2 protein chains.
Amino acid sequence: MQKLEPSIKDDVQQILETIIYLYTESRRITKELARRAQLTGPQLTVVKILEQIGDLSLSELSEKIRAQNSTVTGIIDRMEREGLVVRERSTADRRVVIIKLTAKGSQLAEDIPIEPMKVFQSALSSLTKDEMRELLRILSKVSKRVKAIVRRDVDEAVGDKAKELEGQDR
Amino acid sequence: MQKLEPSIKDDVQQILETIIYLYTESRRITKELARRAQLTGPQLTVVKILEQIGDLSLSELSEKIRAQNSTVTGIIDRMEREGLVVRERSTADRRVVIIKLTAKGSQLAEDIPIEPMKVFQSALSSLTKDEMRELLRILSKVSKRVKAIVRRDVDEAVGDKAKELEGQDR
DNA sequence: CAAAATTGTTTCGTGTACGAAACTTTTACT
DNA sequence: AGTAAAAGTTTCGTACACGAAACAATTTTG
């Protein structure tokens, strides 16, 4: 079943693990920074986004933090309970709820000096310009491949295509 | 505050987004594959791991799926309720709980022909050997930098170090 | 204009996810 | 042996996270 030669297989495994590491680390950092302000990770994200962009509708906010509306409703519920944000009906479109930072929320945003993503930006900045280009090029290639595979094999008939997919492993 | 020149900044942003895409896509694929077998993402992961490795203690399983014991307890509770696995006390060490696939669980594992990670392995395999080495080298470098920054700046005094960190952005 | 389709939000039910505390069994120490 | 420390698991409380259904306001259509 495994047709990759060992060293290649190890590379693949290590790359996957590194990507997973980078992602989970980003969440860990967010969480750690948030903890110091008595916030949760997602709450810190919301506070920082509202500070930078200004008021947003719930849907816009959901899109920014890549979560479903129903998830964000809960996050905002808890933040409103803590007095960090307020909900306001839009006068232009009364279906829309606008989320605004309160004074307390703004103060908190200021108190947290660093955005979680800054750590990654800083780390990436240690690469040479060429390395950065190369990284982006290769990651994009992988990304495109994943998208193609997903379209063909996962979204349609995983079962039928499984053998074929494994056949490509060599 | 932003000292990166635009093109570099865009590269950084794109790299971050690509990494986030690859990670979230991997969860989406897992979930989609799981859905077809009436499983959840983590449950599919557990079933596939047990199929390949064999029986594991709860702690070993937690480590494999990178989750806390308390999280896995819940996952196993639900899977046991569905008759996919059983808990057995280890005779060697009676503190230990061994998780075993039932016949139903094994059958399900067989029915799902492809492991979620296979998609990524396949995509990564489209890279040349040189590209793979280069990707791994660069990602490792980033990873090391992140670890170093985290040790120095996040785990200790984020507030004090924030300015300094931003200064490194150029 | 009125019914229908659409858009934005919330509610509900289920499943993670995590840390702290509680519990059980084992190991280490005196 | 007897107590203390450690290891493995579960319980508890809280916070996401998501999809489906419910609800409200707006826009589209006949």
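All of these numbers come straight from a predicted model, not from anything done at the bench. Letters go in sequence order (proteins before strands), and every chain restarts at 1.
Contacts of B/R89 with the nucleic acid, taken as non-hydrogen atoms under 4.0 Å apart, are absent. A/R35 comes within contact range of no nucleotide atom at all, as no heavy-atom separation falls under 4.0 Å. Nucleic acid contact class of A/N69 (heavy atoms, under 4.0 Å, all strands): base. Backbone-only engagement by B/R81 is indicated by non-hydrogen atom pairs under 4.0 Å involving sugar-phosphate atoms exclusively.
On a pure distance criterion of 3.5 Å, no polar donor-acceptor pair joins the side chain of A/S59 and the base of C/dG8. A donor and an acceptor atom never sit less than 3.5 Å apart when one is taken from the side chain of B/R94 and the other from the base of C/dT25. For B/T40 against C/dG15, no side-chain N or O and base N or O form a donor-acceptor pair under 3.5 Å.
Applying the 6.0 Å contact sphere to CZ of B/R27 captures no more than 12 heavy atoms from other residues, nucleotides or ligands. When the shell of 6.0 Å around NZ of A/K141 is examined, it contains more than 12 heavy atoms from other residues, nucleotides or ligands. Atom CD of A/E63 has 12 or fewer heavy atoms from other residues, nucleotides or ligands within 6.0 Å.
Taking only side-chain nitrogens and oxygens, A/R78 comes nearer than 4.0 Å to OP1 or OP2 of D/dC16. At the phosphate of C/dT16, neither OP1 nor OP2 sits under 4.0 Å from any side-chain N or O atom of B/R27. When the side-chain nitrogen and oxygen atoms of A/Q43 are compared with OP1 and OP2 of D/dA15, none of them lie within a distance under 4.0 Å. Listed pair B/T71 / C/dA17 fails the phosphate criterion, with no side-chain N or O lying under 4.0 Å from OP1 or OP2.
The residue among B/M79 and B/S70 whose nearest nucleotide of DNA chain C is located toward the 5' end is B/M79.
Picking from D/dT26, C/dG19, D/dT9 the nucleotide with the shortest atom distance to the side chain of A/R95 gives D/dT26. Proximity note for B/D93 (side chain, C-beta onward) versus C/dT9, D/dT9, C/dT26: the nearest is C/dT26. Here the side chain of B/Q68 is nearest to one of C/dT9, D/dC16, C/dG19, namely C/dG19.
Residues B/V46 and B/I65 share a closest heavy-atom pair of CG2-CD1, 4.3 Å.
Between the CG atom of B/L56 and the C1' atom of D/dT9 there is a distance of 15 Å, given to the nearest Å.
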